[in-house]
Amino acid sequence: MGKSIPEYLGQLDIRKSIVGLATGATAIYLLYKAIRAGLKCQPPLCSNSPICIARECPVPGERALPQEAPLRPPLRPKGLAIERERHGRDSGELRRLLNSLECKHDEYTRSMILHSITRCVYLLEAEASACTNDDIKLVADMLEDKDTSVKIQALNALKAFSGIRKFRLKIQEHSIKVLELVSTIWDSELHISGLRLLNNLPLPDYVHPQLRRVMPALMEILQSDCNMAQVQALRLMSYLAQKNDLLYDILNCQVHSDFLNLFQSTQPGNLLFEVLVFAERLSEGRNASHYRAVKWHYNEQSLHEALFGDESRLADRLLSLVIHPEEEVQIQACKVIVSLQCPQDVAARPSSFHPSHSFSKSGE
């Protein structure tokens with residue numbers, strides 16, 4: 001060849017460098033094309049898929065350009081749906097979601113559409129107020145879905161709509177169905193969603209028979225180990241305890257032997273506050289003259305016996321809560337103690353009312 005070994009190696013190194021540079025340039029060019037294609041690409045607006053409200057949305061009626069079309073400046077400004085509403089423009093997000101709900105989808109897609117509807121109702125007040133009772137019915141129909149996650153998202157969407165006054169009566173019509181779901185499906189998320197909805201609605205008298213039937217289930221939720229479900233159940237029961245025709249059903253409802261553990265100072269403060277409000281409402285109700293005018297009979301494992309029976313240890317629990325670190329718990333415990341004081345005319349009336357032995361003594 002006429003070349004020395006050093007010359008041959010040097011030439012080989014030069015060739016490797018040239019190949020390396022060419023490979024690097026090719027990689028950079030391909031990366032550039034990928035980035036450029038990504039900048040050009042705009043996701044098409046599909047009315048059949050859930051739309052995230054935080055995503056940039058086209059103006060209603062405007063669709064994204066095909067990828068092969070050349071880029072051109074937008075004819076109208078784009079932005080977040082919530083920004084559009086702030087400037088008095090209808091984004092169309094909620095209407096597209098409701099329309100897509102009418103199409104056939106799998107369980108996951110139905111659930112995500114309902115989730116997006118809930119977010120839209122909370123964030124796009126004007127668009128939510130422009131909805132109709134037919135839209136409420138469309139969402140409520142999802143309560144019949146076989147999938148529990150779809151039922152939960154439908155409950156959440158109805159809860160969002162219930163914040164708009166004109167829809168409350170329409171949503172009220174589904175109260176019995178909601179009670180049925182809460183009482184027959186043992187799922188903490190469903191309990192929370194269903195009870196939150198019920199607590200946001202005035203329950204009409206025609207629902208009371210169904211409430212009597214589901215009372216044992218509500219009491220079980222109240223004694224479950226899910227804090228949020230317990231709190232929601234207690235709020236509902238406190239509301240129902242003020243209904244004269246439901247008070248006895250609540251007091252005679254069977255509870256666990258360790259029911260008073262709900263009053264332990266180690267319980268979360270929000271739970272203690274709600275269970276104390278519940279106890280106060282029950283105490284006030286049973287002390288009312290029209291209730292004491294009747295001789296009621298309670299079973300041995302009833303809520304009445306656990307709270308107000310001769311063997312109840314409620315007084316001890318209340319005294320320990322008077323020094324609870326949270327002030328609202330202290331105040332509420334004191335309110336229950338005051339409500340437990342025996343009315344002066346109780347002794348003169350024939351009644352099965354028995355004041356708690358710890359509070360029947362003078363000075364305690």
Side-chain angles (χ1 to χ4, degrees), residues 42-64 74-103 105-143 145 147-174 178 189-202 228 231-232 235:
Q42 295 184 16
L45 176 60
C46 176
S47 62
N48 292 329
S49 63
I51 304 168
C52 176
I53 195 171
R55 183 192 302 170
E56 185 182 75
C57 63
V59 177
E62 180 181 347
R63 303 184 74 84
L75 297 177
R76 287 172 286 183
K78 298 181 180 181
L80 297 180
I82 193 170
E83 291 176 356
R84 288 183 173 282
E85 180 169 79
R86 190 181 300 126
H87 293 89
R89 298 191 295 271
D90 189 338
S91 71
E93 288 284 348
L94 185 53
R95 177 49 51 197
R96 280 194 292 270
L97 288 165
L98 289 166
N99 289 342
S100 69
L101 197 60
E102 295 179 330
C103 303
H105 302 286
D106 57 40
E107 292 84 356
Y108 175 77
T109 304
R110 291 198 299 274
S111 178
M112 291 306 298
I113 292 173
L114 287 164
H115 176 69
S116 297
I117 288 174
T118 301
R119 298 181 66 190
C120 281
V121 173
Y122 282 126
L123 295 175
L124 306 178
E125 184 178 351
E127 292 185 35
S129 298
C131 291
T132 66
N133 284 340
D134 289 337
D135 297 321
I136 301 300
K137 182 181 183 302
L138 178 64
V139 174
D141 286 344
M142 295 295 104
L143 296 176
D145 198 281
D147 188 77
T148 301
S149 64
V150 175
K151 296 179 191 289
I152 292 171
Q153 295 303 331
L155 290 168
N156 291 338
L158 290 174
K159 164 64 169 58
F161 274 115
S162 70
I164 302 173
R165 185 179 298 274
K166 71 174 186 176
F167 294 133
R168 288 185 180 175
L169 286 177
K170 184 63 178 178
I171 297 174
Q172 252 185 25
E173 297 175 6
H174 305 282
V178 176
E189 287 189 34
L190 187 142
H191 292 162
I192 295 167
S193 298
L195 291 169
R196 285 176 68 239
L197 172 58
L198 292 171
N199 283 327
N200 209 45
L201 296 172
M228 293 181 65
V231 168
Q232 294 300 325
R235 288 176 181 171

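Put simply, the side chain of M228 does not reach to within 4.5 Å of the side chain of V231, judged on heavy atoms. At least one side-chain heavy atom of L101 sits under 4.5 Å from a side-chain heavy atom of M142.
The CD1 atom of I171 lies 8.0 Å from the CD1 atom of I164; values are rounded to the nearest 0.5 Å. The structure places CG of L98 at 6.5 Å from CG of L138, a figure rounded to the nearest 0.5 Å. Rounding to the nearest 0.5 angstrom, the gap separating the OG atom in S116 from the CD atom in E93 is 8.5 Å. Once rounded to the nearest 0.5 Å, the distance linking CD of Q153 with CG of D145 reads 11.5 Å. We find the OG1-NZ distance between T132 and K166 to be 8.0 Å, quoted to the nearest 0.5 Å. To the nearest 0.5 angstrom, Y122 atom OH is 4.0 Å from K159 atom NZ.
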Give the C-alpha distance, both sets of side-chain angles, the deciding distance and a yes or no for side-chain contact (heavy atoms from CB on, under 4.5 Å) between V121 and I117. CA-CA 6 Å; V121 173; I117 288 174; 4.2 Å; yes
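Not counting sequence neighbours, R196 has no partner by the salt bridge (charged side-chain N to carboxylate O under 4.0 Å, His left out) test. Residues passing the salt bridge (charged side-chain N to carboxylate O under 4.0 Å, His left out) test with D147: none are found, sequence neighbours excluded. The side-chain hydrogen bond (donor to acceptor under 3.5 Å, both in side chains) check on D141 picks up K137, with sequence neighbours excluded. The side-chain hydrogen bond (donor to acceptor under 3.5 Å, both in side chains) search around S162 returns N200, not counting sequence neighbours. Residues that satisfy the salt bridge (charged side-chain N to carboxylate O under 4.0 Å, His left out) test with E107, not counting sequence neighbours, are absent from this structure. For E189, the side chain to side chain contact (heavy atoms under 4.5 Å, CB included) partners are I152, D187, not counting sequence neighbours.
Annotation for V178 and G194: closest pair CG1-O, 3.7 Å, computed over non-hydrogen atoms. Considering every non-hydrogen atom in both D135 and R95, the closest pair reads OD2-NH2, 2.9 Å. Between F161 and A128, the shortest heavy-atom distance links the atoms CE2-O, 4.2 Å. When every heavy atom of C120 is checked against every heavy atom of L94, the shortest pair comes out as CB-CD1, 3.8 Å. For the pair A154 and L143, the tightest heavy-atom approach, listed with the atom from each and the gap, is CB-CD2, 3.8 Å. Listed here is the closest heavy atom pair of Q172 and P202: NE2-O, 2.6 Å.
When atom types are taken as modelled, the side chain of H105 and the backbone of S100 share a donor-acceptor pair closer than 3.5 angstrom.
Under the side chain to side chain contact (heavy atoms under 4.5 Å, CB included) rule, L155 has a single partner from L114, I192, L195, L190, which is L190.
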